[in-house]
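Okay, structure first, notes after.
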Amino acid sequence: MKLMPEQIQQFEREGYLFFPSLFSREEIAVLNAEVPRLYAQQRPENVREKGSDAVRTNFAAHMYSYPFAKLARHPRMVRPVMQIYGDELYMHQFKINGKMAFDGDVWQWHQDYGTWKNDDLMPEPRAMNVAIFLNDVNEFNGPLMFIPGSHQLGVIDAQHDTSTTSYPLWTINHDTIRKLVERGGMVAPKGPAGSMILFHSCLVHASTSNLSPWNRVAVYLSLCAVSNHIRRFKRPEYIAHRDFAPLRCLPDDCLLKNYEVPLPWKDGTPADALEGVVAA
Ligand code: SIN
Ligand code: MN
């Protein structure tokens, strides 16, 4: 999949691109069949919602789940980012966010690069989020909301919020959000399972809780240019990866056919990947 010049211009202007129904129902079914097994596991990579057993985020499934290891190398997700950066990519972060029916909690307003810079010392915002919907996303089940054009402002002042949800995040205050929305408005791309969103790591985004009876599971690949790799390993490796080897794409039919992929954590996460490394 190659981006057209108009799409690249749109990305530069808005900070995101939306591709409705890019993956087929059959491809998405392969991924959905694996999610309950992953979410049922008692492992640190499953971060549960505050006060509930529902999984908020599962980290690093590409290291121990066959279908997701293939997805991590899918050309429809990886190649457009290679094209934009003109560089090879490694996986900085891989997550399957639950936003489960009734239980899925909010994601406060934030920029991902704020966290990657503050916590991981990633030099530049040359890492991209690529998300695919595993369920249909509508106005009721907590769609991702963006402030178009907000990526152009670079890193915006943020506070470390460790209490609102079960997952700590560098969040942007409401006054700033009000001004940003006056300037850029808000959008919430919605569409069938299999839709993909590519968005800049400085794009300001959030999502509300899911009070609907429909799950809103989505997979996020955070793909970083190899030359822009993180410089500090403060967070556990399953949250911020330390293997900067370039990703090799599989063929386009990889979700429906068998291909060999490494699954280094299939028998458990190595002890040194469970903790951050504090500089001496
Ligand atoms: C995120 O910002 O990382 C996740 C937001 C969401 O899944 O709604
Ligand atoms: Mn985010």
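Both counts, for ligands and for their atoms, begin at 1 and track the order of listing.
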What about Phe199 and His205, are their ring centers closer than 6.0 Å?
yes
Going by atom types alone, do Asp253 and Tyr259 pair a side-chain donor with an acceptor below 3.5 Å?
yes
Which atom, among the N/O/S set of Asp112, is closest to the Mn ion (ligand 2)?
OD1
Could you list which atoms of ligand 1 come closer than 4.0 Å to a heavy atom of Leu144?
5 (C), 6 (C), 8 (O)
Mind checking whether Ser150 and Leu203 have side chains closer than 4.5 Å, heavy atoms only?
yes
Quick note on ligand 1: atoms under 4.0 Å from a heavy atom of Lys95 include exactly 3 (O)
How far is atom 8 (O) of ligand 1 from its nearest protein heavy atom, and which residue and atom name does that atom have?
Ser207 OG, 2.6 Å
Can you name the N/O/S atom of His205 that is nearest the Mn ion (ligand 2)?
NE2
Looking at Arg216, Gln108, His205, Gln93, the heavy atom closest to atom 2 (O) of ligand 1 belongs to His205
Please confirm whether Phe23 and His74 have ring centers closer than 6.0 angstrom.
yes
If you have a sec, work out which protein heavy atom is nearest atom 4 (C) of ligand 1 and how many Å separate them, to one decimal?
Asn97 ND2, 3.1 Å
Atom name of the N, O or S atom in His110 that lies nearest to the Mn ion (ligand 2):
NE2
Check: Phe18 ring centroid to Phe146 ring centroid under 6.0 Å
no
When you compare ligand 1 with Tyr220, is there at least one nitrogen or oxygen pair between them that comes in under 3.5 angstrom?
yes
State whether a side-chain donor-acceptor pair under 3.5 Å links Asn210 with Asn141.
no
Between atom OG1 of Thr176 and atom CD1 of Ile147, what is the distance when rounded to the nearest 0.5 Å?
9.5 Å
